[in-house]
Amino acid sequence: MDKVTENPIENQTERISLDRMKELIRILSDASRTYYMEDREIMSNFEYDRLYDELSKLEQKTGIVLSNSPTQKVGYEVVSSLPKEQHPSPMLSLDKTKEVDQLVSWLGDHEGVLSWKLDGLTVVLTYENGVLIKAVTRGNGETGEVITPNARVFLNVPKSIPIQERFTVRGEAIIFYSDFDRINNSIEDIDAKYKNPRNLCSGSVRQLNSEITAQRSVRFYAFSMVDPEDKELLSRAGMTMQKRYEFLRSIGFDTVEYRMVDKEDLAETVKWFSEAIKGNDFPSDGLVLSYNDISYGRSLGRTAKFPRDSIAFKWQDEEAETSLIDVEWSPSRTGLINPVAIFEPVELEGTVVQRASVHNISILKELALGKGDRIKVYKANMIIPQISENLTRSGALDIPDTCPACGGKTVIRNENDTETLFCPNPECPAKDLKRFTLFVSRNAMNIDGISEATLERFLDRGFLTQPADLYRLDRYRDEIVQMDKLGEKSYQKLQEAIERSRQANLAQFIYGLGIPNVGLANAKLIVRHFKQDPEACFSAPYDELCEIEMIGPIIAESYVAFFADEKHKEELKELLKEITFVREESSLPQDLSGMTFVITGSLVSFPNRDALKKEIEDRGGKVAGSVSARTSFLINNDVTSNSGKNKKARELGIPILSEEDFVSGEFLK
């Protein structure tokens, strides 16, 4: 049996062409980066044009255009929300085992394909006439979120493929560890750093602004395809997993790495993967074993929860026994005080660890932790240090009744049967430091050149007591330039950054205020709803906030309470003396203001629903996912159909427009 770590391609010429395309993309991208960002040339214009033309010809010849190709001009899209879509059939999770013997028994006498189980977000891509038209997340298995604009900017997703028939492929969107570290290293606020690549990937894939997704270096690895209806295409793809992988690679997709196995060498191959994971740049939380014969696998059917053609293998986590030294309590900007276990250093999965988050008081009590206890620790998914067991369970650990940052009294809160420790002191210095760090961060006021360490020194010296003081640091110029590691040059750069931030984006400003439960995406929705009117945003009533799609009661309550607080009112008043809000003007007429549209069915004039949605929002309207009493118009080219949305619209007396009706604008007269 042929064991492979690289998938062979039946058409070697196509494979050579694809490899050359990827090489040209790398060379041309390096040349552009050094020319535009580093102000130096690594090749002549003549050579660049020659390679560019070669790439263009290869794209025309193969019908494959990769998303990061220099021949493609990236057009970023911003959406107000992610529409939901039901999958044609449920996307089931896999049954799991941690026993190699059970894998061998499951495979029996059949040939299998063993591949990485990537730790990211499952995404389904659909192509028509060779062009990517739709991308949907797995969601809950029944319904996913439509992320088409974001999928188009994944690093390695083909924008076009040499297949004209409707074609659907499933795969995993992931972020490499190296990219995860790069992104995290650019974030100064420790609380704002991402916990692991999967969380970062999930947030990146589901962004409302595809430009942010593009900055996150998301990659897509295909692991299966939905059978096309065309028999000729089905014949080309083949009815074995191995042939499907080869076919997917031949038309431009990267696929998960795999090896062919049988019951004789399965255990040895699992061991090979367990060694290989240490050198991987991509996150993986196990392996997937599938029957190579697709027809046989499908003939086995499925249970209520799992398909029977594949099974997941989860690593037996490496454990180590050690002694608990202490539990450290770490305060945050929100007032939450997190317990962190400190133990005698042990080696796990090739690295030395001595700290692990305990998350909350409930888990602390469940483990019955006490100083000196013998505990077992492991790395969840070979990545995150965790305590698996407390062998001595002394429970001799006091929960602090004073905050380690301010010395004020702490309180224990119980929400959803989970106990957490909080510092209610609004003057707690930990909260001050974290809120200033958030305020100056890139996604907020973007005051470059002021680190958390510098902010802490300014706070200690009394330079800062409220955010407006950042704009009055010139009062302390003489003291600042004398401070260690600062000086005149750093001071001037800081002042320039502060001056630039005086022209503020309203949504970023609101996000920077640190309102509990209000992220940047929520702030943008609120600002858009109130038409960029600062006063309207700051005095937004609870009921109206609840009417904004994706702004629920919890967010609305936090938002209203923040601006009702007297201290926050005074701080806002002082801030407004220092900054001016810059309106984001649209060049289009705002003739759809106050109207809410629902879009369904296929489109003709617009390339996709996202393009029509953007048109509506740029003209001041809103787009919702379902028909309700608040809907102004339903857009459906099949006006007379008896679809669910059409029926609901008729019941509510909501006009149904064709695309032509919308484009003509007759409905506005």
Side-chain angles (χ1 to χ4, degrees), residues 184-185 187-196 199 324-343 353-367 369-371 384-387 396-416 418-441 443-445 450-467 469-470 511-519 554 558 561-562 565 567-568 571:
N184 251 2
N185 289 338
I187 301 172
E188 293 180 350
D189 183 355
I190 294 175
D191 284 349
K193 290 181 183 290
Y194 296 96
K195 304 302 180 188
N196 54 61
N199 286 356
L324 181 69
I325 299 173
D326 203 353
V327 169
E328 186 179 273
W329 295 85
S330 176
S332 69
R333 175 180 63 84
T334 61
L336 183 67
I337 305 176
N338 303 297
V340 179
I342 314 298
F343 44 82
V353 295
Q354 60 186 94
R355 299 168 64 89
S357 174
V358 189
H359 304 293
N360 54 56
I361 292 175
S362 293
I363 294 176
L364 189 82
K365 289 180 176 179
E366 184 181 323
L367 289 168
L369 292 175
K371 293 181 183 179
I384 305 167
Q386 302 280 302
I387 298 175
L397 195 69
D398 294 328
I399 297 168
D401 55 10
T402 58
C403 172
C406 70
K409 294 287 291 183
T410 59
V411 296
I412 296 175
R413 295 183 181 175
N414 192 319
E415 296 179 2
N416 299 321
T418 299
E419 289 185 314
T420 51
L421 189 67
F422 274 83
C423 172
N425 177 15
E427 308 299 328
C428 179
K431 295 180 182 179
D432 262 351
L433 177 58
K434 298 301 182 184
R435 75 174 180 134
F436 275 102
T437 302
L438 174 66
F439 187 80
V440 304
S441 66
N443 287 332
M445 298 303 286
I450 184 165
S451 66
E452 186 170 293
T454 300
L455 285 170
E456 188 171 16
R457 294 164 76 186
F458 287 175
L459 284 163
D460 288 344
R461 294 191 180 215
F463 297 169
L464 302 173
T465 58
Q466 60 177 310
D469 290 339
L470 285 160
Y511 166 66
L513 293 176
I515 305 169
N517 303 310
V518 178
I554 293 175
S558 292
F562 182 90
D565 182 88
K567 180 187 175 185
H568 294 154
E571 289 186 348

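Bear in mind the structure is a predicted one, so any value in this text is a computation, not a measurement.
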Would you give the length of the straight line joining atom [atom1] of [X] to atom [atom2] of [Y], rounded to the nearest 0.5 angstrom?
X	Y	atom1	atom2	value
N338	S357	CG	OG	6.0 Å
H359	L336	NE2	CG	12.0 Å
H568	F562	NE2	CZ	4.0 Å
I337	C423	CD1	SG	5.5 Å
C403	L421	SG	CG	8.5 Å
S451	E456	OG	CD	9.5 Å

Side chains of V340 and V327 in contact at under 4.5 Å (non-hydrogen atoms):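 No - every pair of side-chain heavy atoms lies 4.5 Å or more apart.
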Within-4.5 Å side-chain heavy-atom neighbours: E452 and L433: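 With C-beta onward as the side chain, the pair touches.
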I361 vs I399, side-chain contact (heavy atoms from CB on, under 4.5 Å): CA-CA, chis, key distance, verdict: CA-CA 8 Å; I361 292 175; I399 297 168; 3.6 Å; yes
Looking at every heavy atom in both [X] and [Y], which two are closest together, and how far apart are they?
X	Y	answer
L464	L470	CD2-N, 3.8 Å
L369	L397	O-CB, 3.1 Å
Y511	V518	CD1-O, 3.9 Å
T410	P424	CA-CD, 4.2 Å
P331	P404	CD-CG, 4.0 Å
I342	L324	O-CD1, 3.5 Å

For E571, side chain to side chain donor-acceptor pair (under 3.5 Å) partners two or more places apart: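 Counting only residues at least two positions away or on another chain, E571 forms a side chain to side chain donor-acceptor pair (under 3.5 Å) with R435.
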Side chain to side chain donor-acceptor pair (under 3.5 Å) against T402, all qualifying residues, sequence neighbours excluded: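 Checked T402 against side chain to side chain donor-acceptor pair (under 3.5 Å); zero matches.
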E419/R413 ion pair, N-O < 4.0 Å: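 No salt bridge links E419 with R413.
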Aromatic plane relationship, F463 with F458 - under 30° parallel, 30 to 60° tilted, over 60° perpendicular: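 Answer is tilted, since the angle falls between 30° and 60°.
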F436 and L459: CA distance, side-chain angles, deciding distance, side-chain contact (heavy atoms from CB on, under 4.5 Å) verdict: CA-CA 10 Å; F436 275 102; L459 284 163; 3.8 Å; yes
D398 (side chain) donor-acceptor with P400 (main chain) under 3.5 angstrom: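 Answer holds: no.
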Backbone of Q466 reached by a side-chain donor or acceptor of D469 within 3.5 Å: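 Judged by distance alone, yes, a pair lies under 3.5 Å.
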Candidate pair E328 and R355, rule side-chain contact (heavy atoms from CB on, under 4.5 Å), full reasoning: CA-CA 9 Å; E328 186 179 273; R355 299 168 64 89; 2.9 Å; yes
